[in-house]
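Everything on this sheet refers to the single structure shown next.
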Amino acid sequence: TEAHEVDMAEEMRRLMLGIAGEAFFGGDVLDEAREIGSALKATLDLFPRFTLPFANQLLRLPLPANRRFWDAKARLDRTVYRLIEQRRTTRVDRNDVLTRLLQAHDAEGSMTEEQLRSEMITLLTAGHETTAEGLTWTWHLLSRYPNALERVRLEVDSVIGDRQPTYNDLSQLQFTRQVFTEALRLYPPAFFVERQPINDIELGGYHIPRQTQIWTSQWVVHRNPKYYARPNEFDPDRWTENFQRSLPSFAFFPFGGGPRICIGEPFAWAEALISLAILTREWTPEPIPDPPVEPEPLFTLRPRHGLPIRLRRRKDQVAPSTQNEEGLTISL
């Protein structure tokens with residue numbers, strides 16, 4: 001049977017960028033996907049520099065990495081400004097985010113080009129990168145846990161059959177949701193959250209001056225044995241309703257929390273579950289041992305060398321895998 005070797009990390013980014021482009025730009029971004037994806041990747045790869053002391057000053061230095069960043073930013077700006085201008089010129093009324101932003105007004109009038117550009121780049125970045133990484137890590141786990149993959153397929157076959165999945169199917173894809181939830185726990189794409197208090201505060205007996213950077217790590221909390229039995233093991237069955245109700249606030253926060261929780265969380269769940277339903281129905285992922293899969297903390301938590309996967313069409317699968325399914329223990 002024929003197998004196809006692909007970088008699943010790259011494939012998921014391309015897929016999620018297409019979905020985000022359809023939702024935010026009404027499909028206009030599909031023709032620009034290669035340019036936008038390349039520019040976004042270049043800027044996101046340099047994100048750790050923004051967390052360094054004196055980051056603004058460092059970015060002004062004529063270093064090769066800085067030149068790559070400014071070149072990628074300029075390419076991204078040109079593409080997004082062009083899409084905005086095309087929509088203004090054609091005045092096409094589409095049911096997408098860009099149309100709604102162009103129609104938005106406040107006491108000071110409509111949004112400026114700079115405001116539109118900032119909103120659209122933020123939405124594109126947050127709307128495809130984190131979901132793509134969440135799906136990448138899900139495929140990593142499903143390729144190593146064929147029993148979980150088979151249970152996802154049985155559920156998809158039962159709920160959806162041969163037709164295309166819809167939003168109304170999501171509530172019935174319970175085990176598929178549990179698999180994605182467990183992937184987000186073990187490999188949270190947003191692996192830290194940073195906040196700064198606007199005033200001096202007392203927190204947990206500590207005095208914290210205003211504008212102090214406070215970092216919380218999903219990676220650390222999600223693997224805390226205080227909340228999770230066998231915290232380093234892949235166990236989708238842990239996500240029962242009773243277990244979820246028993247978790248305290250912020251024991252599981254892949255999308256952040258509080259008043260600044262990610263506004264795109266429902267969108268991410270929908271695109272992730274529907275994508276898993278469609279793809280697992282057609283393809284069997286098989287792991288490729290070399291290079292080893294290692295988490296790399298950049299803007300999001302990515303596999304350092306991508307995720308090489310061997311895909312085989314489900315109908316060509318000869319026999320169920322008997323691969324060992326011991327729990328994974330992975331350190332960062």
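We number each residue from 1, following the sequence as shown.
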(message) So, using ring-ring contact (aromatic ring centres under 6.0 Å, His included) as the criterion, who are the partners of Y81 when residues are at least two apart?
(response) none

(message) Tell me every residue that passes ring-ring contact (aromatic ring centres under 6.0 Å, His included) with F253, counting only those two or more places apart in sequence or in another chain.
(response) H222, F250

(message) Under a 3.5 Å distance rule, please check whether S158 uses its side chain to pair with a backbone N or O of E155 as donor and acceptor.
(response) no

(request) Return the minimal non-hydrogen interatomic distance between P291 and H305, and the atom names on each side. (result) CG-CB, 3.7 Å

(message) Once rounded to the nearest 0.5 Å, what's the spacing between atom CE of M111 and atom CG of L102?
(response) 9.0 Å

(message) Minimum heavy-atom separation for W219 and L186, please, with both atom names.
(response) CZ3-O, 3.4 Å

(request) Could you tell me whether R13 and E10 make a salt bridge, using a distance below 4.0 angstrom between a side-chain N and a carboxylate O? (result) yes

(message) Any donor-acceptor pair under 3.5 Å linking the side-chain atoms of Q103 with those of T99?
(response) no

(request) Tell me, yes or no, whether the heavy-atom count around E194 atom CD, taken from other residues, nucleotides or ligands under 6.0 Å, exceeds 12. (result) yes

(request) Indicate yes or no: at least one non-hydrogen side-chain atom of M120 is less than 4.5 angstrom from one of L101. (result) yes

(message) Looking at E296 and R302, is any side-chain nitrogen of the basic one under 4.0 Å from a carboxylate oxygen of the acidic one?
(response) no

Name the atoms and distances for all side-chain donor-acceptor pairs under 3.5 Å in residues 269-279, with sequence neighbours left out.
unit_1, atom_1, unit_2, atom_2, d
W269, NE1, E265, OE2, 3.3
E271, OE2, T131, OG1, 3.1
S275, OG, E271, O, 2.6

(request) Among Ile, Leu, Val, Met, Phe, Trp and Tyr joined by side-chain contacts under 4.5 Å, find the other residues sharing a cluster with I201 and list them by chain and number. (result) L203, I208, I214

(message) To the closest 0.5 Å, what do you measure between CG (L184) and OG1 (T138)?
(response) 6.5 Å

(message) To check you understand the geometry: which heavy-atom pair defines the closest contact between E11 and V6, and what is its length?
(response) CG-CB, 4.2 Å

(request) Taking all heavy atoms of P189 and all of G134, pick out the closest pair and write down the distance. (result) CG-N, 3.5 Å

(request) With the side chain counted from C-beta on, respond yes when F191 and P295 share a heavy-atom pair under 4.5 Å apart, and no when they do not. (result) no

(message) Taking transitive links into account, so neighbours of neighbours count too, which hydrophobic residues share a cluster with I263 at under 4.5 Å side-chain distance?
(response) none

(message) Can you list everything that forms a side-chain hydrogen bond (donor to acceptor under 3.5 Å, both in side chains) with E182? Sequence neighbours excluded, please.
(response) R185, R238, W239

(request) Please list, chain by chain and in numerical order, all residues satisfying ring-ring contact (aromatic ring centres under 6.0 Å, His included) with H4, sequence neighbours excluded. (result) W283

(request) To the nearest 0.5 Å, tell me how far R82 CZ sits from T79 OG1. (result) 5.0 Å

(message) For F192 and W215, I'd like to know if the aromatic rings sit close, meaning centre-to-centre distance below 6.0 Å.
(response) yes

(message) By the salt bridge (charged side-chain N to carboxylate O under 4.0 Å, His left out) test, which pairs, at least two apart or in different chains, include something from residues 159-176?
(response) R163-D169

(message) I want to check something: taking the side chain as every heavy atom from C-beta on, are I19 and M16 in contact at a cut-off of under 4.5 Å?
(response) yes

(message) I'd like to check the salt bridge (charged side-chain N to carboxylate O under 4.0 Å, His left out) partners of R210; sequence neighbours left out, ordered by chain and number.
(response) none

(message) So that I can tick it off, tell me whether D71 and R75 are bridged by a salt bridge, with the cut-off set at under 4.0 angstrom between side-chain N and carboxylate O.
(response) yes

(message) For a 4.5 angstrom cut-off between non-hydrogen side-chain atoms, does F243 reach L247?
(response) yes

(request) Report yes or no: does R281 contribute a side-chain atom to a donor-acceptor pair with the main-chain N or O of G161 at less than 3.5 Å? (result) yes

(message) According to side chain to side chain contact (heavy atoms under 4.5 Å, CB included), who are the partners of P209, at least two apart in sequence or on a separate chain?
(response) D200, H207, T212

(message) Does anything in residues 149-177 form a ring pair (Phe, Tyr, Trp, His ring centres under 6.0 Å)? List the pairs, not counting sequence neighbours.
(response) none

(message) Any salt bridge linking R117 with E113? Criterion: basic side-chain nitrogen under 4.0 Å from a carboxylate oxygen.
(response) no

(request) Return the set of residues passing ring-ring contact (aromatic ring centres under 6.0 Å, His included) with W137 (not counting sequence neighbours), or none when no residue passes. (result) H140, Y187

(message) Any heavy-atom pair between the side chains of E133 and L301 that's under 4.5 Å?
(response) no

(request) Write down the atom of T280, the atom of V152, and the distance for their closest heavy-atom approach. (result) OG1-CG1, 3.7 Å

(request) Using atom types as modelled and distance alone, determine if a side-chain donor or acceptor of Q178 lies under 3.5 Å from a backbone N or O of P236. (result) yes

(request) Find out whether T216 and V221 are in side-chain contact, i.e. whether some heavy atom of one side chain is under 4.5 Å from a heavy atom of the other. (result) no

(message) Looking at every heavy atom in both A9 and P303, which two are closest together, and how far apart are they?
(response) CB-CG, 4.2 Å

(message) Between E150 and L154, is there a side-chain heavy-atom distance shorter than 4.5 Å?
(response) yes

